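The structure appears right after this line, and notes come after that.
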Amino acid sequence: MLYYLFRYLNEHYHLPGAGVFQYTTFRAGLAVVISLLIALLFGGRLIRVLQKKQAGETIRDLGLQGQNEKKGTPTMGGLIIIMAILVPVILLCRLRNIYIILMILSTVWLGLIGFLDDYIKVFRKNKEGLSGRFKVLGQVGLGITVGWVLFYSNEITVRQYLLPNGQYSAIEASKVFKDVHLMITTVPFMKNNELNYGDLFATAGTFFNGLYGFLYIPIVIFLITAISNGANLTDGLDGLAAGTSAIIGITLAIFAFVSGNALLADYLDVMFIPDSGELVIFCTAFVGACIGFLWYNSYPAQVFMGDTGSLTLGGIITVLALVVRKELLIPILCGVFIIENLSVILQVSWFKYTKRKYGEGRRLLRMSPLHHHYQKLGYHESKIVSRFWIVGIMLAVITLVTLKLR
């Protein structure tokens, strides 16, 4: 809203300084400040409200160090994150931008699913929360919506440059170009680093040319479901999910800035995505919200984000990676979330297999998800969180290296 207001003031009244709102970098910096302030000011008040409502976390006795001290800590703190994201985005972004619309939709959609889950747990006193099938159904619904828009909307374009041989390329700039709706993505560490989803069906004949949406949309559904659940599982120690998400958010902000800037995309020889630069503002608001939430969620936590926050964080990260055409980097960038997911899957699978084979279930880890395994080994909670953050930073650096290392 402020973007449109100051553009109007600049165009019609030539208000000094109003033109600065046209710069993405200024609005991105302002988004960080606003999201931090909202998280800090709104967070404290929300925590007091949750305490009055006795919206405390119910802790299962897992025999973990420091577990009893967490009993009664308010949950549903993800509302702080959602508010700190949406307010600066609505104030500072161009709201007609298709990518911003998708991000707002994803934030609200998964926020509502997580909120329902937390509400049932806390106020209905049902420890199971929202039924797992309804959670998955909500995630699948968002995946279908996002996948459909990305695949069929003509507002989703990439810039194609005319080469001397008469062909077009998304990564070799020239003066002659056109913006086209094309389902291509970036393949990391490859020199000619474009993958056209349509080519996956090309060898099957012309009949299948229009059917590759049936491949793309399930990929989107799988990624959203996997990463949002991975973030949910990671949210088991104070500050772990929020800090890891902030690191990932900074990385995606850099990718959005490069992909949305024609000069930088040309210099780095990467795909230019028209209008995607607006996502930098969303990313910085996201990072500011996560860091602001850490003020209350760092050890010892005054509030937990609950599913309201964790499902939302994972979904936002996935959709951001999809819209900047970096979904193939998710296994690296979101490595912490994925390994947490895998630790649970392997633990359960191995237990069932050994119980079927030997009559007694055996465990690969002392406890899953992985961070609880290290707690069982005697590591302090804050040390585990710090080391997971370090791993997240290393994975983020490797992800950014793909801009040049091919």
Side-chain angles (χ1 to χ4, degrees), residues 98-99 102 146-206 208-224 227 251-280 317-334 396 398-406:
I98 185 64
Y99 299 115
L102 268 182
V146 171
W148 187 273
V149 171
L150 292 177
F151 192 83
Y152 289 106
S153 174
N154 289 326
E155 294 183 66
I156 308 293
T157 61
V158 295
R159 183 154 294 178
Q160 294 277 284
Y161 297 96
L162 183 65
L163 301 180
N165 60 7
Q167 296 181 339
Y168 279 95
S169 167
I171 57 174
E172 295 186 42
S174 70
K175 292 182 180 179
V176 181
F177 64 84
K178 61 178 179 178
D179 296 336
V180 295
H181 177 71
L182 192 63
M183 291 314 300
I184 59 177
T185 190
T186 303
V187 181
F189 303 111
M190 298 289 289
K191 191 170 183 65
N192 298 316
N193 61 340
E194 292 176 32
L195 170 66
N196 189 328
Y197 284 100
D199 292 341
L200 299 176
F201 274 108
T203 56
T206 56
F208 293 95
N209 284 346
L211 299 181
Y212 62 99
F214 292 100
L215 171 69
Y216 179 75
I217 293 175
I219 290 173
V220 174
I221 293 170
F222 172 77
L223 289 174
I224 289 176
I227 302 304
T251 309
L252 288 171
I254 295 171
F255 277 119
F257 186 70
V258 170
S259 298
N261 186 295
L263 294 176
L264 277 176
D266 180 23
Y267 174 72
L268 292 171
D269 201 24
V270 298
M271 188 189 309
F272 173 60
I273 306 170
D275 298 324
S276 65
E278 203 70 13
L279 288 169
V280 179
I317 287 167
T318 308
V319 178
L320 277 171
L322 285 163
V323 297
V324 296
R325 315 294 177 111
K326 298 294 183 292
E327 61 266 32
L328 297 183
L329 284 169
I330 286 178
I332 303 173
L333 181 60
C334 300
I398 293 170
T399 305
L400 289 173
V401 163
T402 62
L403 285 170
K404 288 301 290 181
L405 187 62
R406 303 176 199 152

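Remember, it's a predicted structure, so these values are computed and weren't measured experimentally.
With rounding to the nearest 0.5 Å, the separation of CD1 in I227 from CZ in F222 is 8.0 Å.
Nearest heavy-atom pair across Y197 and I219 is CE2-CD1, 4.0 Å. Between C334 and I317, the shortest heavy-atom contact is SG-CG2, 3.6 Å. Taking each heavy atom of N261 and L264 in turn, the nearest pair found is OD1-N, 3.0 Å. In terms of heavy-atom proximity, R325 sits nearest to I156 at NH2-CG2, 3.3 Å. Across L150 and H181, no two heavy atoms sit closer than the pair O-CE1, 3.2 Å. Scanning both residues, L333 and A396, for their nearest heavy atoms gives CD1-CA, 4.2 Å.
In this view, T185 and E327 satisfy the side chain to side chain donor-acceptor pair (under 3.5 Å) rule, not counting sequence neighbours. Residues passing the side chain to side chain contact (heavy atoms under 4.5 Å, CB included) test with S259, sequence neighbours excluded: I273, S276, K326. A253 pairs by the side chain to side chain contact (heavy atoms under 4.5 Å, CB included) definition with C283, not counting sequence neighbours. In this structure F189 satisfies the side chain to side chain contact (heavy atoms under 4.5 Å, CB included) test together with I332, I398, T402, L405, sequence neighbours excluded. Partners of P274 according to the side chain to side chain contact (heavy atoms under 4.5 Å, CB included) rule, which considers only residues two or more places apart in sequence or in another chain, are T157, R159, D179, F272.
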Next on the checklist: Show, in sequence, the C-alpha distance, side-chain angles and deciding distance for L252 and L279, and conclude whether the side chain to side chain contact (heavy atoms under 4.5 Å, CB included) test is met.
Outcome noted: CA-CA 9 Å; L252 288 171; L279 288 169; over 6 Å; no
Checklist entry - Step by step, would you call L328 with T186 a side chain to side chain contact (heavy atoms under 4.5 Å, CB included)? => result CA-CA 7 Å; L328 297 183; T186 303; over 6 Å; no
Item to check | Stepwise side chain to side chain contact (heavy atoms under 4.5 Å, CB included) check, I184 with Q160 | outcome: CA-CA 11 Å; I184 59 177; Q160 294 277 284; 4.2 Å; yes
Next on the checklist: Quick one, F255 with T399, criterion side chain to side chain contact (heavy atoms under 4.5 Å, CB included). Give me CA distance, side-chain angles, the key distance, then yes/no.
Outcome noted: CA-CA 10 Å; F255 277 119; T399 305; 3.5 Å; yes
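In this structure, N196 and L182 have side chains that are in contact, with non-hydrogen atoms separated by less than 4.5 Å.
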